[in-house]
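Working notes for the structure below.
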Amino acid sequence: MEIDRAIKGSEDTRLKTKYDNAIYVIQRALALYKFEEVAFSFNGGKDSTVLLHLLRAGYYLHKKKPDSSSGTPKNCDEKFPLRTIYFESPSAFPEINSFTYEAAETYGLQIEVIRLDFKSGLESLIKEKPTAAIFLGTRIGDPNAVGQEQFSPSSPGWPPFMRVNPILDWSYRDVWAFLLTCQVPYCSLYDQGYTSIGSTYDTVPNALLCIDDSSSSKENFKPAYKLIDGRLERAGRAKKCYPSASGDGPVISNGLTGVDSHQTGTLTASIISVGDEILFGIVEDQVGPSLCKKLHSIGWAVSRTAVVRNDIDSVAEEVERQKSSADMVFLFGGVGSLHSDVSMAGIAKAFGVRTAPDEEFEEYLRHLTGDQCTGDRNEMAQLPEGITELLHHEMLPVPLIKCQNVIILSATNVDELDKQWDCLIGSESSSSQLKLMAPFLSKHLSTALADVKIAQFVSQLCLEFPDIRIGCYRKSRMGPQIVSFVGKDHARMELAVKALRQKFHPEAFSDINCG
Ligand SMILES: Cc1cc2nc3c(=O)[nH]c(=O)nc-3n(C[C@H](O)[C@H](O)[C@H](O)COP(=O)(O)O)c2cc1C
Ligand SMILES: Nc1ncnc2c1ncn2[C@@H]1O[C@H](COP(=O)(O)OP(=O)(O)OP(=O)(O)O)[C@@H](O)[C@H]1O
Ligand SMILES: [Mg+2]
């Protein structure tokens with residue numbers, strides 16, 4: 001079988017794994033459902049063209065299996081009589097129509113053309129012929145893929161059937177690697193810069209493939225497989241854009257959004273460090289305190305810091321609590337591809353979404369590590385689905401990740417934090433959004449006076465200066481008491497300090513520097 005041979009002969013290990021997994025899904029579906037009750041939803045698009053050839057290969061391999069009763073291979077010819085449904089619309093591109101019909105003819109598909117909308121068409125199809133399962137070329141990243149698995153029952157309100165999605169976890173790159181490796185024909189529009197094809201009303205060539213050629217009066221485009229960032233495959237779909245997590249179209253922004261409503265006042269952050277080793281006392285967390293200082297320096301109040309175990313539920317519980325009480329949550333630790341790296345899964349759980357491969361992030365990781373991952377996918381590229389934004393910066397080899405109002409830092413020490421912080425607030429596009437406000441100022445006074453002597457006055461001062469955080473602490477039980485004043489208004493702070501000093505002997509309090 002030429003498809004199977006082409007993949008087996010290729011050196012692309014990732015493609016081979018994707019192929020094997022898709023074939024596995026197809027074979028399970030063919031074993032689960034009667035062949036005459038299975039249909040293939042084919043529309044001549046690139047994804048369904050990939051699926052066509054996977055189905056041909058899967059069918060061939062399924063039939064070729066030794067017949068358990070006779071022990072001999074079943075007879076197998078290369079005709080492919082799978083029921084194939086095509087929803088033909090008057091606004092389809094003529095190139096798509098002709099490619100669909102030609103492919104059906106070439107491969108012997110039993111095509112059934114439906115000229116109704118999807119739902120009504122499927123209702124009448126199922127009434128006419130029992131249809132238990134339908135193969136679709138849906139991929140993660142398609143707007144309708146959210147929440148789907150490889151086997152997903154049709155949605156409530158839709159006629160009942162199983163949606164089988166063998167290429168759900170394929171990336172744009174995988175699709176093109178397959179079509180080019182197998183050298184199968186595909187719709188000619190993809191060679192004219194179209195990267196995802198809807199109707200003639202909503203689809204144009206992808207501007208990212210436009211060739212800058214001033215000598216030509218006509219716009220020219222590179223072929224679809226030249227698109228580098230697969231997340232932008234829908235950039236040519238005028239009305240239905242790829243929904244970015246911020247909901248503002250295909251532009252991947254550095255968007256630290258969600259805080260714009262707070263034009264004034266103080267924004268609050270909370271910090272979650274994930275690490276059993278901190279809780280065991282093996283490692284001392286230095287990132288958290290350093291982050292507190294950095295946040296104060298841009299005027300953010302830190303409302304809570306927490307250390308949680310490397311455990312999905314512990315992360316999920318803490319994120320769930322913090323994401324609604326703080327304006328921004330910063331999380332570090334538990335990020336990577338080891339068994340203990342559960343932060344992403346915990347965040348996904350807190351937001352009630354699953355994790356799914358993020359094609360763009362995977363691409364960054366591949367540049368960094370090469371093809372070193374051993375499993376069928378890089379676990380580090382599994383990110384919470386539908387809520388993830390990548391925060392890019394030229395100084396970062398891999399972007400930071402933001403899930404709604406949770407920013408995930410990959411820093412494991414203070415130097416790395418310094419770098420990531422500079423990138424977070426230093427880039428033009430983000431600075432306007434991770435609001436930089438008047439920094440917190442602080443003043444610290446040391447005194448040998450006993451607690452009981454100052455207690456009443458300090459309480460009184462707190463009432464008089466509600467805008468200044470006045471706290472007392474000591475570095476040792478027998479050592480001096482330190483009174484701290486933290487606020488944004490320098491004059492008010494000085495007033496509070498003066499008010500305290502006036503109540504006691506002039507030498508009772510001395511200024512100290514607490515860095
Ligand atoms: C065979 C088939 C089954 C579908 N089943 C469902 C379904 O169960 N639930 C649903 O919301 N949409 C279903 N749809 C509609 C798709 O989710 C989606 O709207 C359609 O593929 C159009 O994609 P586009 O908006 O990218 O052009 C189905 C479509 C097809 C062709
Ligand atoms: N008009 C249609 N008739 C039959 N199946 C369809 C139709 N439109 C969509 N589908 C099914 O939904 C899947 C996803 O559609 P989608 O448009 O995302 O992919 P595609 O058309 O294969 O490729 P592209 O993203 O390049 O347009 C298709 O692969 C196909 O299985
Ligand atoms: Mg399409």
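First listed ligand is number 1; within each ligand, the first listed atom is number 1.
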Less than 4.0 angstrom from a charged side-chain N to a carboxylate O is my criterion; do [X] and [Y] meet it?
X: Glu2; Y: Arg56; value: yes
X: Glu359; Y: Arg366; value: no
X: Lys419; Y: Glu416; value: no
X: Glu362; Y: Arg14; value: yes
X: Arg83; Y: Glu36; value: no
X: Arg304; Y: Glu318; value: yes
X: Lys16; Y: Glu11; value: no

Q: Would you mind listing which atoms of ligand 2 come within a distance below 4.0 Å of any non-hydrogen atom of Tyr190?
A: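 Listed by number with element, the hits are 23 (O), 24 (P), 26 (O), 27 (O).
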**Q.** Atoms of ligand 2 close to Gly45 [distance to a heavy atom under 4.0 angstrom, numbered from 1]
**A.**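 Here the atoms of ligand 2 in question are 20 (P), 21 (O), 22 (O), 23 (O).
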I want to know if ligand 2 touches [X] in the polar sense, i.e. an N/O pair below 3.5 angstrom.
X: Leu136; answer: no
X: Ser196; answer: yes
X: Ile85; answer: no
X: Thr138; answer: no

Q | Smallest separation among heavy atoms of Phe332 and Ile271, with atom names | A |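 Scanning both residues, the minimum pair turns out to be CE2-CG2, 3.6 Å.
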Q) Shortest non-hydrogen contact from Leu82 to Val38? A)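 Heavy atoms only, the tightest pair is CD1-O, 4.0 Å.
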What part of [X] sits under 4.0 Å from ligand 1 if we count only heavy atoms: the side chain, the backbone, both or neither?
X: Arg163; result: side chain
X: Arg237; result: side chain
X: Thr138; result: neither
X: Asp142; result: neither

Nearest option to [atom], as decided by whichever heavy atom of [options] sits closest:
atom: atom 19 (O) of ligand 1; options: Thr131, Asn144, Asp47; value: Asn144
atom: atom 6 (C) of ligand 2; options: Ala145, Ala39, Ser41; value: Ser41
atom: atom 29 (C) of ligand 1; options: Phe42, Phe161, Tyr86, Phe118; value: Phe118

With backbone taken as N, CA, C and O and side chain as the heavy atoms from C-beta onward, which portion of [X] lies under 4.0 Å from ligand 2: side chain, backbone, both, or neither?
X: Thr195; answer: backbone
X: Asp142; answer: side chain
X: Arg234; answer: side chain

Q.
Classify the ring geometry of Phe178 against His53: parallel below 30°, tilted from 30° to 60°, perpendicular beyond 60°.
A.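 Rings of Phe178 and His53: tilted, as their planes differ by 30° to 60°.
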Q) So Phe93 and Tyr194, would you call those rings parallel, tilted or perpendicular, with 30° and 60° as cut-offs? A)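 The arrangement is perpendicular - the two ring planes meet at more than 60°.
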Q | Under 3.5 Å: N/O of Arg234 near N/O of ligand 1 | A |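 N/O-N/O distance below 3.5 Å exists for this pair.
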Would [X] count as a contact of ligand 2 if the rule is a heavy atom under 4.0 Å away?
X: Phe118; answer: yes
X: Phe40; answer: no
X: Arg139; answer: no

(Q) Check for me whether Lys323 meets the cation-pi criterion with Phe351, that is, NZ or CZ under 6.0 Å from the six-membered ring centre and within 45 degrees of the ring axis. (A)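 Pair Lys323/Phe351 counts as cation-pi.
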Q: For Ser41, counting its heavy atoms only, list the atoms of ligand 1 lying under 4.0 Å from any of them.
A: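 By the 4.0 Å cutoff, the relevant atoms are 1 (C), 31 (C).
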Q | Per-atom contacts, ligand 1 versus Ser154 - under 4.0 Å to a heavy atom | A |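 Under 4.0 Å from Ser154, ligand 1 has these atoms: 8 (O).
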Q.
Checking side-chain polar atoms at under 3.5 Å, does Asn165 have a donor or acceptor matched by the opposite partner on Gln148?
A.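 Short answer, yes.
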